[in-house]
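To start, the structure under review is shown below, and the notes come after it.
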Amino acid sequence: MVNRRKFIHASAFGSLGILFSKMAAGNQVPFTIKGKPVVISTWDAGLEANKAAWEILHKGGRAVDAVEKGVMVTEASQNCCVGLGANPDRDGFVTLDACIMDEFSNCGSVAFLERIKHPVAVARRVMEKTPHVMLVGSGAQQFAVAEGFALEEQKLSTQAQAAYEEWLKNSEYKPPVINIENKNGHGPFAPLKLSNGEWNHDTIGMVAMDAQGNMGGSCTTSGAGFKMRGRIGDSPIIGAGLFVDNEVGACTATGQGEDVIRVAGSHSVVELMRQGLSPEAACKKIIERIVKIKKSKAKDIQVAFLALNKKGQAGAFALHPGFRYAIKNGDKEILVTSKSWFNE
Ligand code: GLY
């Protein structure tokens with residue numbers, strides 16, 4: 001895990017979209033995306049994931065290839081609430097959800113997938129090798145194995161094992177604990193505290209624009225920790241956890257999946273960008289829609305959207321403070337703290 005403080009060094013260096021964001025250190029710092037290519041992704045783990053995406057983008061590769069390879073870094077990490085080391089469901093099984101979408105509106109998705117290390121890569125195969133968009137459960141696993149993916153042994157990370165054992169003491173499926181760093185707990189979206197004191201979160205969503213100006217996106221998660229067996233969140237659902245429209249832009253979501261699905265979150269953000277809203281303004285409007293629906297219960301959940309438009313402007317908005325996202329553009333890597341509906 002990279003220390004985020006190393007990356008708080010935003011500087012203006014170009015002509016495309018100006019991004020005014022509240023930095024992790026708490027300052028309002030102008031950051032200008034230099035132009036294509038650019039990749040953005042959710043949470044601190046996005047810094048490492050963006051580096052892998054950049055390997056493809058800076059050589060002129062496709063955005064869809066970059067976003068697949070990027071989030072695979074996070075899926076492979078045993079230090080994250082994504083991938084096979086993550087929080088299990090209430091019965092002790094890690095079940096994974098992922099999706100991917102390209103510049104032609106091709107999309108693929110897997111959900112409730114067990115014992116496969118890279119669900120996003122299976123989603124890509126669904127997109128390219130089947131007439132379908134989504135495969136789930138044993139069918140998705142059967143397809144993965146037929147495609148040559150290894151069936152792994154489940155091995156929870158030390159943190160996930162400890163969190164699960166703690167949860168088992170009461171085995172209560174409580175309302176979700178807010179997925180922000182000052183809310184430690186053992187609820188479905190409690191972030192994992194790493195040995196170096198940093199936090200990791202439930203989902204990585206990534207969107208990118210390549211050197212040709214084409215967009216792609218991916219999203220992958222283990223979902224809510226200690227969820228009911230069979231529960232699927234927003235992350236593998238095209239239009240909820242991820243949406244890409246190559247004419248307009250792309251959006252991904254993180255947080256309480258049920259409430260992202262209710263508003264077709266990522267699709268709704270992209271449609272607002274189509275109407276001319278900036279990425280941040282579009283994300284904010286959909287967060288406001290969730291607040292309107294949830295009323296007083298909005299205080300109990302975290303949801304965040306992260307979007308990139310065709311002009312190369314990035315923006316985000318969260319329900320609660322604490323959501324961070326990573327940007328890689330040119331030789332700059334930066335971690336940005338999103339604005340939020342609730343204040344600190
Ligand atoms: N956003 C992840 C989930 O709800 O599963």
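Please read all numbers here as calculations on a predicted model, not as lab measurements. As the structure lists them, so they are numbered: ligands from 1, and atoms in each ligand from 1.
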Handout entry: Check: Asp97 N/O within less than 3.5 Å of ligand 1 N/O
Key = no
Exercise for the section: Could you tell me whether Arg62 and Asp102 have a side-chain N and a carboxylate O separated by less than 4.0 Å? Expected result: yes
Handout entry: Salt-bridge contact Arg125-Glu128 (side-chain N to carboxylate O under 4.0 Å)
Key = no
Handout entry: For Asp234, the option from Val260, Asp259, Val303, Thr254 that meets side chain to side chain contact (heavy atoms under 4.5 Å, CB included)
Key = Val260
Practice task
Please could you name the atoms of ligand 1 that Thr203 approaches to less than 4.0 Å, counting only its heavy atoms?
Solution key: 1 (N), 2 (C)
Exercise for the section: Considering the heavy atoms of Gly257, write down every atom of ligand 1 situated less than 4.0 Å from one of them. Expected result: 4 (O)
Practice task
Using a 4.5 Å cut-off on heavy atoms from C-beta on, say whether the side chain of Thr220 contacts that of Thr74.
Solution key: no
Practice task
Give yes if a backbone or side-chain nitrogen or oxygen of Gly255 is under 3.5 Å from a nitrogen or oxygen of ligand 1, and no if not.
Solution key: yes
Handout entry: ring-ring contact (aromatic ring centres under 6.0 Å, His included) partners of residues 264-287, not counting sequence neighbours, each pair once
Key = Phe243-His267
Exercise for the section: Ignoring angles and geometry beyond distance, decide whether Arg231 reaches within less than 3.5 Å of ligand 1 through its nitrogen or oxygen atoms. Expected result: yes
Handout entry: Partners passing salt bridge (charged side-chain N to carboxylate O under 4.0 Å, His left out) against Lys69 (at least two apart in sequence or in another chain)
Key = none
Problem - Numbered atoms and elements of ligand 1 in range of Ser235, under 4.0 angstrom, heavy atoms - result: 1 (N), 2 (C)
Fill in the blank from the handout: If we number the atoms of ligand 1 from 1 as shown, the ones under 4.0 Å from a heavy atom of Asp234 are 1 (N), 2 (C), 3 (C), 4 (O)
